[in-house]
Amino acid sequence: MSYSSDEDDKPLVFRRNLKPDKTKCSSQPSKPSLKPSNGSDSEDDKPLSTKFSTVSKGNTNHAKNGSHTSVFKAPKPQVKDEDSDEEKPLSSKFISKPNVGSSSKVHQNGSASRDNQSKNIGMNKRPLNDERSSGPSSVKKPKLSDSSTPVNRKPVNMKAETKSDSDDDDEDDDDSDDDLPISQRRKNQASSSSKPSSSKQKVIKKNSSSLNQTNKKSKKVVKNSKYSKPSKVPPGSGEGQKWSSLVHNGVIFPPAYKPHGVKMLYKGKPVDLTPEQEEVATMFAVMLDTDYMTKPKFKENFWGDWRQILGKNHLIQNLDDCDFKPIYEWHQSEKEKKKQMTTEEKKALKEEKMKLEEKYMWAVVDGVKEKVGNFRVEPPGLFRGRGEHPKMGKLKKRIHPSDITINIGKDAPIPECPISGESWKEIRHDNTVTWLAYWNDPINIKEFKYVFLAASSSLKGQSDKEKYEKARMLKGYIQGIRNAYTKDFGHKDETKRQVAVATYLIDKLALRAGNEKDDDEADTVGCCTLKVENVEPSPPNILKFDFLGKDSIRYQNEVEVELPVFKAIQQFRTGKKGSDDLFDKLDTSKLNAHLKELMPGLTAKVFRTYNASITLDDMLSRETKGGDVAQNVVVYQHANKEVAIICNHQRSVSKSHSAQMTRLNEKIDELKDVIKELEADLARAKKGKPPLKNSDGKPKRNLNPEALEKKIAQTKVKIEKMERDKETKEDLKTVALGTSKINYLDPRITVAWCKRHEVPIEKIFNKSLLAKFAWSMDVDPSFRF
DNA sequence: GCTCACACTTAGGACTTATGTA
DNA sequence: TACATAAGTCCTAAGTGTGAGC
């Protein structure tokens, strides 16, 4: 990624300004366990995007090509059949056109969705629940949302309780229709009585538009669903219990190494290598065209590990005299061969792989078939640490069954070890955790690599929902929290001052907490680990941030802050070196302990979720003007982009970016020439003259003036579209939109907005996201974050 | 109050597949 | 049909946060 000093090249986030928030000075005293506010519409409640004076270059202006309104059908569990509403295809629960193709092969529990969140009284009024009133939590893991009401969970032996569990899908059920547009209200009324009470609706074909389906969706409206909500706790409940029964087939290993026999050169001469030596040499060779080759640390680490495999007395004595090109070229030709395979060959290969992997792809959790996420053991390779990682290039050794601990239900059969003659390291039956297997990370032996269920699983969905509920809870507390930290900017105790300023930065700039890091990790920072050199005060009240954050992504931002913050930062810097900690009295534990005094379960990362989601909600609400689907999609993308900028979600500029821009410019120029020509022809046609010959000297068709005018207009539209595409492409070249959508934006905001504005959800969520967010699909259209 | 093991979420880039366009 | 590009998926690194043990 390049970081040009040219202002125009910077992602927008780097040109963002923070307005001082003057409303904060009339703060109330800071107290532990602040009570949630009633969510007034004060400036304080507004998302970052509305508070910052963002210098924005227009918006994303192209709708996705949505010609394929594919319909996601929430696949039904295959283990046991269920007759419940729960297994209705998503399309029937949400919207959209039938699409047979996408439904058949998936069988995981992606089924829609019981939205079991606890009832609150409307979005602005959050009753204090027990947790809130319980004060600082010294207790174990306070669960913020109703953990007794798992998302999606539909064990087959619980049919009887199907009733109404979608009724309590959100607090907005309590809301009257008053907040809805009239058209919406009518639709809801029409639908409220239409749902059959029993739910044998496995396949409901919908031919009408998404919105119609959405609104006609026969949602049971049970106002007192609070009481009818299933009282189940996570199966086999109990402190920390995640499942009662767990069955799976373990993990699959990468194939054993097949030597290729291509000889690398040492001092210009071919060298014989053992298969093990050749394997590691090949790992290096295939990376010859990557940036890692420019990093001495990478080469040094590789050499250190390879040398051990070569042995002290090997012919090869230094890396500089090695020529890996023959292996690199062999690898390239293998890649090319693969590319040249016919579609049928590729398909056959894929099917073969599927057949081999099928059994590892699924687990059965409490009787429900769920997809496993990463069931493939990581193959050996060279460690590709990001940024200036001190361990880059080290050999990541092959993982064997004897490295792997399996976690499985007591009554489940122990997975057969797929490599004959070997056996698992250990078998556990720990139902307080969600992992299915783990092994020690060969690069950092103290750490682990886990095998978890896929994002579409109930367990993940449940925890996702809890995350968003916690962030929503913050909405009710945020005013008090901001008042509290504002008051503490000038606290006489420096620790408190640092806590206040750090919280301010986490809240306003969506910084990460910043845990301490070891010396054998890349040198990156978060809020608590900011160094003096990372924050430069520029009077009267500007702070210039410049540091490497997670994944060594650079955070560069100049913000105007409140004067007390500015002064506090100046004071924290006093007498320190550039490499010293800015917040020397603070770490994430202390910070989070403090945050928990303000709201149960509050930690630094909740602010990111909160600010991202509230920004989306706010921007969608402000910017949706009742346009068509394409225009609404643009509004969504624009909001999504703002969130990505706030969270500093960047991507590197693609290698082909400048070529693409050049090509677009050329095309635009060509079209402009076409217009000039057409205009000349038009002038002649108006005088009754034939058009001039084209550039090849050939005669052109003689068109009448009307036809020429139409052609000119069409070409102009084409140019405009290309200009917009160009702008969007440039605008988003360093912004990654996906990360926030996957991790920070409460899907219920999106689903409800889609329902309100007749946008098919498939325009916003792809198949994976639909599966991941199945739990949110039943949300009431009036839902607001 | 601190460290560390552990469990989990968040993240960008590589790779693959789908789609659009000439 | 071939190629370019966009979209989707996979991979695994790199974070956050909890709680036990000292």
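Per chain, numbering begins at 1; letters A, B, ... match sequence-line order.
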Picking from dA7(B), dG12(B), dT9(C), the nucleotide nearest the side-chain atoms of V433(A) would be dA7(B)
K446(A) has its side chain closest, among dA5(B), dA7(B), dG12(B), to dA5(B)
Judged by nearest nucleotide, the residue sitting upstream toward the 5' end of DNA chain C, K353(A) or T603(A), is K353(A)
Q.
Mind checking if E447(A) touches a base, just sugar-phosphate, or nothing, with heavy atoms under 4.0 Å?
A. nothing
Next item on the list: Examine Y360(A) together with F375(A) and report whether their ring centres are nearer than 6.0 Å.
Entry: no
In whole angstroms, the gap separating P of dA11(B) from CG of L745(A) amounts to 11 Å
Side-chain contact check for K590(A): nearest option of dC2(B), dT12(C), dT16(C) is dC2(B)
Need one value for A522(A): base, sugar-phosphate or nothing, where a base atom within 4.0 Å counts as base even if backbone is also close, heavy atoms only. nothing
Result for side chain to side chain contact (heavy atoms under 4.5 Å, CB included) between R554(A) and one of N648(A), T524(A), L548(A) points to L548(A)
_OP1 or OP2 of dC8(B) versus the side-chain N and O atoms of T434(A): is any pair under 4.0 Å?_
yes
Separation of dT18(C) atom P from K467(A) atom NZ, nearest Å, is 15 Å
Rounded to whole Å, CG of D518(A) lies from P of dA14(C) at a distance of 13 Å
Within residues 373-383 of chain A, the residues having a heavy atom closer than 4.0 Å to DNA chain C are R376(A), E378(A), P379(A), F383(A)
Checking dT16(C), dA11(B), dC8(B) against the side chain of K550(A) (C-beta onward), the nearest is dA11(B)
To the nearest angstrom, the CG-P distance between D746(A) and dT10(B) comes to 12 Å
Picking from dC8(B), dG13(B), dA5(B), the nucleotide nearest the side-chain atoms of R651(A) would be dG13(B)
Would one find a side-chain N or O of N515(A) under 4.0 angstrom from OP1 or OP2 of dT16(C)?
-> yes
Parallel under 30°, tilted from 30 to 60°, perpendicular over 60°: which one fits the rings of F773(A) and W775(A)?
perpendicular
Winner on side-chain proximity to K605(A), out of dA13(C), dC8(B), dT16(C), is dT16(C)
Considering only heavy side-chain atoms of K449(A), the closest of dA11(B), dA13(C), dA6(C) is dA13(C)
Atom CZ of R608(A) and atom C1' of dA11(B) are separated, to the nearest Å, by 10 Å
### Message
Within the 4.0 Å heavy-atom criterion, would you say K391(A) contacts the bases, only the backbone, or no part of the nucleic acid?
### Response
nothing
Enumerate all atom pairs, one protein N or O and one N or O from nucleotides 14-17 of chain B, separated by less than 3.5 Å.
none

Separation of dA5(B) atom C1' from Y450(A) atom OH, nearest Å, is 8 Å
Hits for ring pair (Phe, Tyr, Trp, His ring centres under 6.0 Å) against Y468(A), two or more places apart or cross-chain, chain-then-number order -> none
| said: Please tell me if K729(A) has a side-chain N or O lying less than 4.0 Å from either OP1 or OP2 of dT5(C). | reply: no
Do D289(A) and Y328(A) get their side chains close enough for a donor-acceptor pair, meaning under 3.5 Å? yes
Is K460(A) salt-bridged to E370(A), going by a charged N under 4.0 Å from an acidic O?
no
Here the distance between atom C1' of dT16(C) and atom CG of N592(A), to the nearest Å, is 8 Å
Ranking dT5(C), dT16(C), dT9(C) by distance to the side chain of R663(A), first place goes to dT5(C)
Report task. Pick base, sugar-phosphate or nothing for G549(A), based on heavy-atom distances below 4.0 Å to the nucleic acid. Result -> sugar-phosphate
H389(A) has its side chain closest, among dT12(C), dA14(C), dT5(C), to dA14(C)
Main-chain N/O of I445(A) paired with N440(A) side-chain donor or acceptor, under 3.5 Å = yes
Check whether any side-chain nitrogen or oxygen of S589(A) sits under 4.0 Å from OP1 or OP2 of dG1(B), and answer yes or no.
no
Notebook entry, point to check: Donor-acceptor pair, D581(A) side chain versus F583(A) backbone, under 3.5 Å?
Noted result: no
> Where the side chain of R608(A) meets the backbone of A510(A), is there a donor-acceptor pair that is under 3.5 Å apart?
Replying inline: yes
> In terms of ring plane angle, is the pair Y438(A) and Y450(A) parallel, tilted or perpendicular, where the classes change at 30° and 60°?
Replying inline: tilted
Phosphate contact (dA11(B) OP1 or OP2) by Q650(A) side-chain N/O below 4.0 Å | no
The salt bridge (charged side-chain N to carboxylate O under 4.0 Å, His left out) partner of D403(A) among K425(A), K449(A), K397(A) is K397(A)
Of the candidates dA5(B), dT18(C), dT5(C), the side chain of K596(A) sits closest to dT18(C)
By nearest-nucleotide position on DNA chain C, the 5'-leaning member of S768(A) and G514(A) is S768(A)
From OH of Y744(A) across to P of dT9(B) the rounded distance in Å is 13 Å
- Counting N and O atoms only, with roles assigned by atom type, does the side chain of D520(A) sit under 3.5 Å from a partner on the main chain of P390(A), one being a donor and the other an acceptor? no
